[in-house]
Each structure stands twice: as structure tokens, then as C-alpha cells.
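Step one of this worksheet: look at the structure below.
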2 protein chains.
Amino acid sequence: MTKNEIQEQRMRGYFIEATRELLKAEGLKSVSVRSIAEKAGYSYATLYNYFRDVKELVFECVRGFSEECVASVVERTASIPPGEEGLRARLRAWALYFAEYPGVFELFYLERLNDLGNRHPSVNIIWTLPDRLCAADWERLGEEGLPSSRAHDLMEAVKYEITGMLLFYLNRGKPSRFDGFAELLDARIAKTLTPPHHPLT
Amino acid sequence: MTKNEIQEQRMRGYFIEATRELLKAEGLKSVSVRSIAEKAGYSYATLYNYFRDVKELVFECVRGFSEECVASVVERTASIPPGEEGLRARLRAWALYFAEYPGVFELFYLERLNDLGNRHPSVNIIWTLPDRLCAADWERLGEEGLPSSRAHDLMEAVKYEITGMLLFYLNRGKPSRFDGFAELLDARIAKTLTPPHHPLT
DNA sequence: TAATAAAATAAACGATGTTAAATAATTAAC
DNA sequence: GTTAATTATTTAACATCGTTTATTTTATTA
């Protein structure tokens with residue numbers, strides 16, 4: 001890495017860090033090219049020497065937040081060994097990270113990235129985040145006899161379901177308080193992972 | 001209704017209809033107080049004589065779209081009697097309405113309504129839409145012996161799950177094409193409503 | 001018809017993202 | 001080490017946005 005590249009990466013880092021702080025503390029609504037530049041200590045026009053536009057900058061934060069989320073989940077569930085209980089706990093911790101930082105949820109799932117195209121790397125980071133968190137749990141359940149196709153189905157179901165719950169809770173106030181959300185979250189994870197043996201008809 | 005109230009309702013209707021058309025055709029990004037007013041044939045300042053702000057106007061469209069969605073689902077599934085098959089078909093048609101009109105999805109689930117508060121009537125219209133669509137199906141399944149608590153759980157699961165799927169498909173390009181989404185939708189509805197008798201461990 | 005009330009609009013404000021021109025800082029050449 | 005060229009940064013400007021205030025037009029009433 002040449003001298004100029006080091007400096008360039010440093011400058012990008014200043015802007016990215018400023019954006020991260022704004023996103024975490026106040027959410028997307030308070031992230032503007034001017035507020036970022038002020039926090040970074042530069043003029044807002046300087047930003048355009050290091051990022052194509054403000055959307056590129058904002059989505060540069062995805063990787064960092066995903067790593068932070070992984071760290072949060074690992075720390076909160078370190079004592080729980082791989083398996084069914086670990087799976088539930090890690091899915092729960094994954095969801096609670098977004099409930100704690102709604103601005104990160106906005107960035108991951110709500111913010112449009114029209115022109116960046118949907119092949120942007122951040123989309124895959126977001127999509128595969130829960131899979132990475134629970135890989136060991138599914139592996140263990142596989143060793144215990146769970147077919148991998150069934151594992152895949154369950155993971156898909158619970159991923160979509162929790163994302164939908166977060167959407168309603170954070171964006172539509174359903175449920176209105178955190179307590180209600182946490183309760184609902186636990187109940188739904190349990191029921192989806194171990195559905196009762198009771199056919200519809 | 002007095003003469004003035006009639007005129008006021010008419011004026012509100014002009015703006016609401018203009019907003020509806022913009023939303024359906026081009027999505028939220030092209031909805032602005034100026035574009036609405038131009039389509040309605042008035043100055044943009046006139047809008048503020050009939051709506052507190054543009055968010056109030058935009059959310060006034062929710063009821064109309066929800067009725068349109070109901071009509072679409074009813075029409076597409078009229079021949080299917082209440083029961084398990086009807087349930088699947090109506091949930092599918094509900095999701096496909098949003099896949100067809102991504103702008104309506106944005107309005108229903110993505111657009112913030114910070115200041116309007118989360119007790120706004122549109123939130124309940126949105127939340128209960130699938131319940132109203134499938135009420136007869138659940139009723140029939142109840143008559144056939146399905147416990148209402150189980151029905152409630154399944155409906156909750158499938159509502160969150162489909163919303164999550166729509167979020168990923170419309171906002172993150174997962175899956176990238178409609179075919180993939182429709183296929184995934186059918187598969188997930190079927191699997192969630194009739195999970196296999198196979199415990200995790 | 002003239003005075004008054006109401007409705008519609010034009011003008012303006014502050015904030016947004018972005019670009020072009022102008023200044024400051026750094027590097028290269030001598 | 002001073003000057004010229006290049007690069008980095010900033011100021012100024014533009015178009016667009018939501019909203020408010022002042023002004024003009026339209027309708028109603030005396």
C-alpha cells in the first residue's frame with residue numbers, strides 16, 4: 001500500500017467513523033453530507049473526493065456494523081454451546097442488536113440503494129449475517145440427525161420472520177414497547193423452530 | 001355534510017388521487033409536494049390548506065390501497081372456497097399485490113411516520129389487512145378442529161415471514177427476479193402452514 | 001355595487017445532495 | 001531554497017425539497 005493509499009484510507013476512515021456515530025446515535029434521518037463532514041472535521045465538499053456520493057459512504061458502514069453485531073451476539077451467548085438452545089439464543093441476540101440500534105436496522109434493511117445496484121457487497125453481508133452467527137448450531141444439529149434441507153428451511157423461515165417482526169416493531173410501533181417485542185420474539189423463535197405436531201386439517 | 005365540507009372533501013380527493021397515481025406508477029421517491037400539486041392541477045401551497053403536511057396526505061392513501069388490495073385478492077381467489085387451499089391462495093395474492101406495486105409496499109411498511117405517531121389509523125389498517133383477507137379461511141379451519149390458538153400462531157408467523165420476504169425482494173434484490181420470488185413465496189407459505197413432523201433434536 | 005371573507009398562489013426560508021470555481025497545501029524541478 | 005506544477009480542500013452556487021408568510025385572486029354578503 002503506497003503512501004497516498006494510506007492517507008486516502010485514513011481520510012475515508014474519518015468520514016466512515018463520523019457516519020457510524022451519527023447512524024448509531026440518531027439514525028438515518030440525521031445523517032447528511034453536511035453533518036458527517038462537520039463531525040469528521042472537514043468541509044462537506046471534501047467528502048466527494050473520497051466517496052462517489054453519500055449513499056456509497058453510508059453503505060461503507062455496513063461491514064463494520066455487521067462485525068459489531070457479531071461481536072455483540074458472540075459475547076452475549078458465549079456460554080451457550082452449539083445446539084438448539086444456542087440457536088435460539090443467538091437468533092434472539094441478533095434481533096436484539098437491531099432493537100437496540102434502530103439506526104443500524106434502517107441502514108441494513110430500509111435504506112434504498114437504487115443506483116448502487118443490488119449486487120453491492122453490503123447486500124450479501126446483510127443477508128448472510130444470521131447464517132454466520134448460527135453456523136455452529138446448525139452443524140451440531142446436523143450431527144444429531146437433523147436433515148440439512150430441514151435446517152435450511154427453518155433458517156430461512158426464522159430469518160424472514162424476525163426481519164418482519166423488527167420491521168413492524170421499529171417502523172410501525174407493533175408492539176409499541178420493548179417488553180412486548182422481546183416477549184413476542186422469544187415466543188415466535190420457539191414456535192417456529194419447534195412447531196407442534198398438528199396438521200391444519 | 002354542509003356545502004363547504006363537500007367542497008373540502010372534493011379538494012382533498014383531488015390531491016389524494018394524484019398522490020395515489022404517483023405512488024403506484026413511480027413509487028415514493030417521485031412523490032413530492034410539488035409533483036402532487038402539479039398532477040392535481042393546483043399550486044403546491046394550496047395543498048397545505050387541506051393537509052397538515054405531505055406525510056398526512058401520503059398516509060391518507062393507505063385506506064384506498066388496502067381496499068384495492070382486498071379487491072385484487074378477492075378477485076384472484078374468488079373460486080377457491082375457505083379452507084387450507086384458500087388460505088394459501090389468499091396469502092399468496094396478498095403478497096403478489098405488493099410485488100406488483102412496490103410503491104404501495106414502500107408506503108405501507110417502509111415510509112416513516114414519526115410525527116404522526118404510531119397510533120395513526122393507517123397502522124392498524126396495514127396490520128390487520130391479511131387477517132381480514134383470510135378470516136373466512138381460519139373460520140373454516142376452526143370448524144374442522146384447528147385450535148384458535150394454533151391458528152393465531154400460524155397467522156402471525158406467516159404474516160411476519162411474508163413481510164420479511166417482500167422486504168428482501170423489493171428492497172434488497174433477494175431474490176433478484178420475480179420468478180424466484182414467486183417460487184420462494186409458494187414454498188415458504190406451504191412449509192410454514194404445514195411443517196413436517198420432525199423435531200429439531 | 002362595495003365591503004368583506006375565503007381560497008389560491010407567489011415569494012421566500014432553511015435544508016438537502018451535488019458540482020464548478022477558487023483557494024490553500026503539497027510535491028517536483030531547478 | 002525558491003519557484004512552478006499538481007493535488008487537496010474549501011467556498012460559492014445550483015437544483016430540489018418541505019413549509020410558512022404575504023399577496024393576489026375569487027367568492028360571498030351587505
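Everything quoted here is computed from the prediction, not taken from an experiment. Letters A, B, ... are given to chains in the order of the sequence lines, protein chains preceding strands, and every chain is numbered from 1.
Listed nucleotides D/dT11, D/dT9, D/dG18 differ in distance to B/R34; the shortest reach to its side chain belongs to D/dG18.
B/T46 comes within 4.0 angstrom of a nucleotide base, judged by non-hydrogen atoms across all strands. Using a 4.0 Å heavy-atom criterion, one finds that A/Y50 contacts the sugar-phosphate atoms exclusively. Within the nucleic acid shown, A/V54 comes within 4.0 Å of sugar-phosphate atoms alone, with no base atom in reach, counting heavy atoms only. Using a 4.0 Å heavy-atom distance criterion, A/Y44 is classed as a base contact.
For the pair A/E38 CD and D/dT10 C1', the computed distance is 15 Å after rounding to whole Å. Atoms CZ (A/F51) and P (D/dT9) sit 12 Å apart, rounded to a whole Å. Going from atom OH of B/Y42 over to atom P of C/dA7 covers 12 Å, rounded to whole Å. D/dT19 atom P lies 14 Å from atom CG of B/N49, rounded to whole Å. Taking atom CD of B/E111 as the reference point, atom P of D/dG18 lies 10 Å away to the nearest angstrom. For A/Q7 and C/dT26, the CD to C1' distance is 10 Å, given to the nearest whole Å. Atom pair A/L22:CG and C/dT16:C1' shows a separation of 15 Å (rounding to whole Å applied). Spacing between atom OH of B/Y48 and atom P of D/dT21 amounts to 12 Å, rounded to whole angstrom units.
Note that CZ of B/R63 and CD1 of B/I126 are 11.0 Å apart. Values are rounded to the nearest 0.5 Å.
No donor-acceptor pair under 3.5 Å is formed between the side chain of A/R90 and the backbone N or O of A/V73. Side-chain N or O atoms of B/K55 include one that pairs as donor or acceptor with a backbone N or O of B/R112 at under 3.5 Å.
A cation-pi contact, defined as under 6.0 Å to the ring centre and within 45° of the axis, links A/R20 to A/F65.
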Name the atoms and distances for all side-chain donor-acceptor pairs under 3.5 Å in residues 38-48 of chain B, with sequence neighbours left out.
| residue | atom | partner | partner atom | Å |
| --- | --- | --- | --- | --- |
| B/S43 | OG | B/A45 | N | 3.3 |
| B/T46 | OG1 | B/S43 | O | 3.4 |

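Heavy-atom nearest nucleotides on DNA chain C were determined for A/K29 and for A/A45, and the one closer to the 5' end corresponds to A/K29.
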